[in-house]
K.L.:
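Please find one structure pasted underneath; my questions will follow.
Counting starts at 1 for both ligands and their atoms, following the listed order. Along the sequence shown, residues are numbered consecutively beginning with 1.
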Amino acid sequence: MGGGLQIQSECAEIVRRRRELQASVRRACLDAHRRESDVRVVCVSKTRPAAAVECLLAVGERTFGENRVQEAKAKWPALRDRFPDVRLHLIGPLQSNKVRDALDLFDVIETLDRPSLAAALAKAMRGAKREPRFLVQVNTGAEAQKSGVRPEFADGFIETCRREYSLPIHGLMCIPPVGRPAAPHFALLARIAARNGLLELSMGMTADYQSAIQLGATHIRIGTAIFGERETDGRLSKA
Ligand SMILES: *Cc1c(COP(=O)(O)O)cnc(C)c1O
């Protein structure tokens with residue numbers, strides 16, 4: 001028996017889990033009196049091979065998230081040639097020296113978190129192929145090891161991005177502290193967004209997306225519930 005069969009059954013499993021997830025998102029939306037179409041699943045494909053991603057592309061999935069520029073650069077251009085309507089989100093820290101690559105690859109950059117990065121992006125966007133949307137990452141738990149602007153500096157940073165760098169800011173993103181209740185962090189992110197007139201909230205992962213939907217998430221970032229457990233955690237330390 002070759003690997004083909006194994007890949008086929010893995011594929012079926014991934015597609016089944018994706019559908020199951022959508023049914024669960026639908027129930028969470030019903031409970032929260034929200035429209036299912038107002039919550040988008042970003043399929044987090046970090047650490048997953050292109051073959052696993054193709055299973056979802058084949059059934060019409062088009063929104064994916066990656067957390068490392070290098071990995072996305074190796075995986076996505078070939079897939080993109082065949083599926084040009086893919087929407088790729090960067091959900092991991094962005095180093096200023098990778099800004100050009102990021103602008104070539106990503107439709108949404110969810111991790112804008114410091115003035116030096118805003119400056120580098122603004123500069124690189126002159127003449128870039130793509131004009132991505134930006135979300136500001138907020139370090140809602142004020143964790144030392146985590147990227148993101150601290151909540152008390154969020155308003156000022158959003159203002160700087162808009163005024164000084166003319167970056168199109170569409171919303172906010174957060175990753176709550178591991179092992180703590182996530183709801184207060186989601187609620188805080190929603191408050192910061194509301195008072196800054198921002199409509200998009202990227203919050204909620206496999207462990208806590210129902211709560212995120214209740215609190216207004218417009219994007220949930222889901223890896224494990226779709227692709228299964230990761231062998232490595234695929235995270236980077238702070239950029
Ligand atoms: C890995 C990752 C996710 C997905 O996490 P799961 O628990 O596998 O759903 C979401 N957001 C970010 C920023 C990630 O790095």
Side-chain angles (χ1 to χ4, degrees), residues 10 13-25 28 39-49 52-53 55-56 61 63-73 75-76 87-95 98 102 105-114 117 132-143 145-149 170-183 185-186 188-189 200-213 215-239:
E10 274 174 33
E13 185 62 14
I14 289 168
V15 169
R16 186 189 65 72
R17 280 196 295 248
R18 175 66 183 90
R19 295 201 167 120
E20 211 166 78
L21 172 71
Q22 196 60 41
S24 164
V25 167
V39 179
R40 175 155 307 223
V41 175
V42 177
C43 300
V44 176
S45 51
K46 67 185 183 192
T47 79
R48 316 292 180 173
V53 173
C55 303
L56 293 174
E61 184 67 59
T63 308
F64 293 87
E66 291 281 347
N67 72 330
R68 310 174 78 146
V69 175
Q70 283 313 111
E71 183 183 343
K73 201 177 167 182
K75 198 189 297 179
W76 279 98
R87 307 263 312 154
L88 201 55
H89 292 232
L90 177 64
I91 60 170
L94 177 56
Q95 294 163 268
K98 299 224 172 87
L105 281 163
F106 293 98
D107 303 281
V108 183
I109 291 176
E110 299 201 8
T111 51
L112 178 53
D113 67 349
R114 56 194 192 278
L117 178 60
R133 304 157 75 79
F134 294 100
L135 307 189
V136 166
Q137 182 178 358
V138 182
N139 186 355
T140 54
E143 296 173 279
Q145 80 286 7
K146 206 166 264 172
S147 310
V149 60
H170 288 93
L172 304 178
M173 177 270 217
C174 77
I175 310 170
V178 173
R180 315 267 314 154
H185 297 270
F186 297 153
L188 172 60
L189 198 71
E200 296 183 13
L201 286 171
S202 173
M203 54 190 201
M205 314 187 353
T206 293
D208 51 24
Y209 67 86
Q210 277 116 336
S211 156
I213 288 172
L215 291 161
T218 60
H219 294 78
I220 57 175
R221 307 178 309 268
I222 309 291
T224 307
I226 296 170
F227 292 103
E229 293 294 332
R230 275 182 299 278
E231 282 168 26
T232 61
D233 84 351
R235 259 180 302 181
L236 265 186
S237 55
K238 190 167 172 169

K.L.:
List the residues meeting salt bridge (charged side-chain N to carboxylate O under 4.0 Å, His left out) with Glu13, not counting sequence neighbours, and say none if there are none.
P.N.:
Arg16, Arg17
K.L.:
Counting from 1, what ligand 1 atoms have a heavy atom of Ile175 closer than 4.0 Å?
P.N.:
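Every atom of ligand 1 under 4.0 Å from some heavy atom of Ile175: 13 (C).
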K.L.:
At the 4.0 Å heavy-atom cut-off, does Arg230 count as touching ligand 1?
P.N.:
yes
K.L.:
Show the atoms of ligand 1 that are less than 4.0 angstrom away from any heavy atom in Gly223.
P.N.:
4 (C), 6 (P), 8 (O), 9 (O)
K.L.:
Test your reading of the model: is there a side-chain donor-acceptor pair from Ser45 to the backbone of Val53, 3.5 Å cut-off?
P.N.:
no
K.L.:
What I want to check is whether the side chains of Thr218 and Arg40 have a donor and an acceptor closer together than 3.5 Å.
P.N.:
no
K.L.:
As an exercise, identify every atom of ligand 1 less than 4.0 angstrom from a heavy atom of Thr224.
P.N.:
6 (P), 7 (O), 8 (O), 9 (O)
K.L.:
Does any N or O in the side chain of Arg221 come within less than 3.5 Å of the main-chain N or O of Ser202, such that one atom is a donor and the other an acceptor?
P.N.:
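Between the backbone of Ser202 and the side chain of Arg221 there is a qualifying donor-acceptor contact (under 3.5 Å).
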K.L.:
Please could you name the atoms of ligand 1 that Arg221 approaches to less than 4.0 Å, counting only its heavy atoms?
P.N.:
4 (C), 9 (O), 10 (C), 11 (N), 12 (C), 13 (C)
K.L.:
If you count the atoms of ligand 1 from 1 in the order shown, which ones are under 4.0 Å from a heavy atom of Lys46?
P.N.:
1 (C), 2 (C), 3 (C), 14 (C), 15 (O)
K.L.:
Please identify which of these residues, Ile220, Ile91, Ile222, meets the side-chain contact (heavy atoms from CB on, under 4.5 Å) condition with Val44.
P.N.:
Ile91
K.L.:
Taking all non-hydrogen atoms of both residues, which atom of Thr206 and which atom of Thr224 are closest, and how far apart?
P.N.:
OG1-N, 3.5 Å
K.L.:
N/O to N/O below 3.5 Å, does that happen between Asn67 and ligand 1?
P.N.:
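It does not: no N or O of Asn67 is found under 3.5 Å from an N or O of ligand 1.
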K.L.:
For ligand 1, which atoms sit closer than 4.0 Å to a heavy atom of Ile222?
P.N.:
9 (O)
